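Single-structure report; data block below.
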2 protein chains.
Amino acid sequence: MAPLAPRSGDAVFANVERVNAELFTLTYGAIVRQLLTDLEEVEEVNKQLDQMGYNIGIRLIDEFLAKSNVSRCVDFKETCDVIAKVGFKMFLGVTATVSNWDAEGTSCSIILEDNPLVDFVELPDTCQGLNYCNILSGVIRGALEMVSMKTEITWVRDMLHGDDAYELRLKLLKQVPEEYPYKDDE
Amino acid sequence: MAPLAPRSGDAVFANVERVNAELFTLTYGAIVRQLLTDLEEVEEVNKQLDQMGYNIGIRLIDEFLAKSNVSRCVDFKETCDVIAKVGFKMFLGVTATVSNWDAEGTSCSIILEDNPLVDFVELPDTCQGLNYCNILSGVIRGALEMVSMKTEITWVRDMLHGDDAYELRLKLLKQVPEEYPYKDDE
């Protein structure tokens with residue numbers, strides 16, 4: 001059987017089950033507020049959001065591979081393009097851009113101008129160290145780990161902190177060669 | 001200007017911004033897991049989920065009224081129909097049915113057969129008292145309170161506990177007459 005062609009983010013997004021973005025935004029806001037109450041330290045909240053995202057990412061990658069028909073990316077560069085153009089569209093309904101590659105092709109920025117997580121959000125003065133969207137970096141880190149790429153992901157720009165966009169810096173730390181046989185039907 | 005006709009849940013859902021349902025489901029699962037870890041007591045988690053839902057509901061009602069063009073419902077009965085047919089569709093993409101009205105028209109059941117919150121969820125034995133979807137009852141309670149209906153909402157059936165559907169029992173406790181002038185443009 002000929003392999004299926006990869007689908008555009010728009011095409012995938014049009015066909016997956018969806019829920020109202022405002023409900024998602026408010027639900028996410030409720031998590032962050034809960035964590036701030038329970039953990040008190042902003043730095044702990046950042047860690048916890050990242051960990052929650054990681055746990056989501058290691059599961060979401062299956063949905064991504066199943067629905068997007070994206071086949072194995074040849075390298076980190078192609079992978080980052082797919083995350084920005086297909087992944088963000090498929091899950092959040094927005095498109096991101098990739099830029100600022102280093103010479104080695106092992107780190108780049110993913111830039112988001114529209115981010116449904118932060119609608120209606122304003123950070124109080126006590127939360128200036130909060131990476132409100134840290135769940136996103138966790139999701140990407142978790143998903144990439146499932147395709148054998150160990151990464152470090154940090155926020156470089158954040159509109160909640162007054163920047164003009166959201167910029168995530170992705171750094172490939174290690175690419176583990178896959179040794180087990182890869183089965184298409186799993 | 002003639003009032004706009006109310007829109008069907010399908011029509012509204014097609015036009016609101018949406019995110020991927022699986023991302024929402026996994027994010028909600030991450031909240032519940034976090035609460036179970038932090039609060040330990042299942043009964044406390046139920047309360048917290050309800051409270052989070054309530055906080056969401058009191059904000060979500062604005063989006064609902066703005067996007068659905070639903071005008072003031074004449075009574076509790078009509079309100080419950082609108083929640084089931086327009087509200088659930090608009091926010092979760094599923095339809096619910098209303099049944100089991102009592103003679104006074106002050107309590108009824110909202111029944112859900114499809115519930116995106118619980119995809120992939122199985123409750124371990126230690127969580128048998130957990131009302132996993134308690135955020136939903138909180139959202140409805142909060143939203144209704146903003147249109148002056150004080151309600152008590154309980155789970156009667158829950159597929160995670162082996163029932164054949166999700167059934168929420170809504171009981172109208174008090175309907176507060178509105179005394180302030182109602183402005184259409186707010």
Side-chain angles (χ1 to χ4, degrees), chain A residues 9 12-35 37-39 44-45 48-64 66-68 87-94 114-117 119-120 135-136 138-139 142-143, chain B residues 9 12-35 37-39 44-45 48-64 66-68 87-94 114-117 119-120 135-136 138-139 142-143:
Chain A
V12 180
F13 189 63
N15 284 296
V16 293
E17 289 191 36
R18 285 169 290 170
V19 301
N20 185 289
E22 182 159 346
L23 176 64
F24 178 71
T25 307
L26 291 175
T27 303
Y28 184 67
I31 305 177
V32 178
R33 177 185 294 218
Q34 179 68 33
L35 291 176
T37 307
D38 290 348
L39 303 176
E44 283 304 307
V45 176
Q48 193 63 50
L49 289 172
D50 176 75
Q51 185 59 42
M52 286 168 69
Y54 177 85
N55 292 338
I56 292 170
I58 60 177
R59 298 189 61 172
L60 216 53
I61 183 74
D62 289 334
E63 159 114 342
F64 178 75
K67 298 268 169 70
S68 66
F88 272 92
K89 188 76 201 178
M90 175 167 164
F91 291 111
L92 292 175
V94 297
D114 189 13
N115 179 351
L117 284 182
D119 290 335
F120 336 107
I135 202 166
L136 285 186
V139 167
Chain B
V12 180
F13 189 63
N15 285 298
V16 293
E17 288 190 36
R18 286 168 290 170
V19 300
N20 185 289
E22 182 159 345
L23 177 63
F24 178 71
T25 306
L26 290 175
T27 304
Y28 184 67
I31 304 177
V32 178
R33 178 187 293 217
Q34 180 68 33
L35 290 175
T37 307
D38 291 347
L39 303 176
E44 283 305 307
V45 177
Q48 193 62 50
L49 289 172
D50 177 74
Q51 185 59 42
M52 286 167 71
Y54 178 86
N55 293 338
I56 293 170
I58 61 178
R59 298 189 61 171
L60 216 51
I61 184 75
D62 289 334
E63 157 113 343
F64 179 75
K67 298 269 169 75
S68 67
F88 273 92
K89 187 77 201 178
M90 175 167 163
F91 291 112
L92 292 176
V94 298
D114 189 12
N115 179 349
L117 284 183
D119 289 336
F120 336 104
I135 201 166
L136 285 185
V139 168

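Just so it is clear: chains get the letters A, B, ... in the order the sequence lines come, proteins before strands, and each one is counted from 1. The structure displayed is predicted, hence computed values, not measured ones.
Residues B:Val19 and A:Phe91 approach most closely at CB-O, 3.5 Å, considering heavy atoms. Of all heavy-atom pairs spanning B:Glu22 and A:Arg59, the tightest one is OE2-O, 4.3 Å.
For the side chain to side chain contact (heavy atoms under 4.5 Å, CB included) criterion with B:Thr27, the lone passing option out of A:Leu60, A:Ile31, A:Thr27, A:Leu117 is A:Ile31.
Residue A:Gln48 holds its CD atom at 7.0 Å from CG of B:Asp38, rounded to the nearest 0.5 Å. The CG atom of A:Asn20 sits 11.0 Å away from the CZ atom of B:Phe64 when rounded to the nearest 0.5 Å. To the nearest 0.5 Å, atoms CG (A:Leu92) and CD (B:Glu17) are separated by 11.0 Å.
With respect to chain A, the highest number of heavy-atom pairs below 4.5 Å among B:Gly29, B:Gly93, B:Ala30 belongs to B:Ala30. Ranked by heavy-atom pairs under 4.5 Å with chain A, the list B:Thr25, B:Val139, B:Leu26 is led by B:Leu26.
A:Tyr28 meets the ring-ring contact (aromatic ring centres under 6.0 Å, His included) test with A:Tyr132; sequence neighbours excluded. A search for side chain to side chain contact (heavy atoms under 4.5 Å, CB included) contacts involving A:Glu44 returns A:Leu39, A:Glu41, A:Lys47, not counting sequence neighbours.
Using a 4.5 Å cut-off between heavy atoms, A:Gln51 makes no contact with chain B at all. Looking at A:Gln34, only its side chain comes within 4.5 Å of chain B, counting heavy atoms on both sides.
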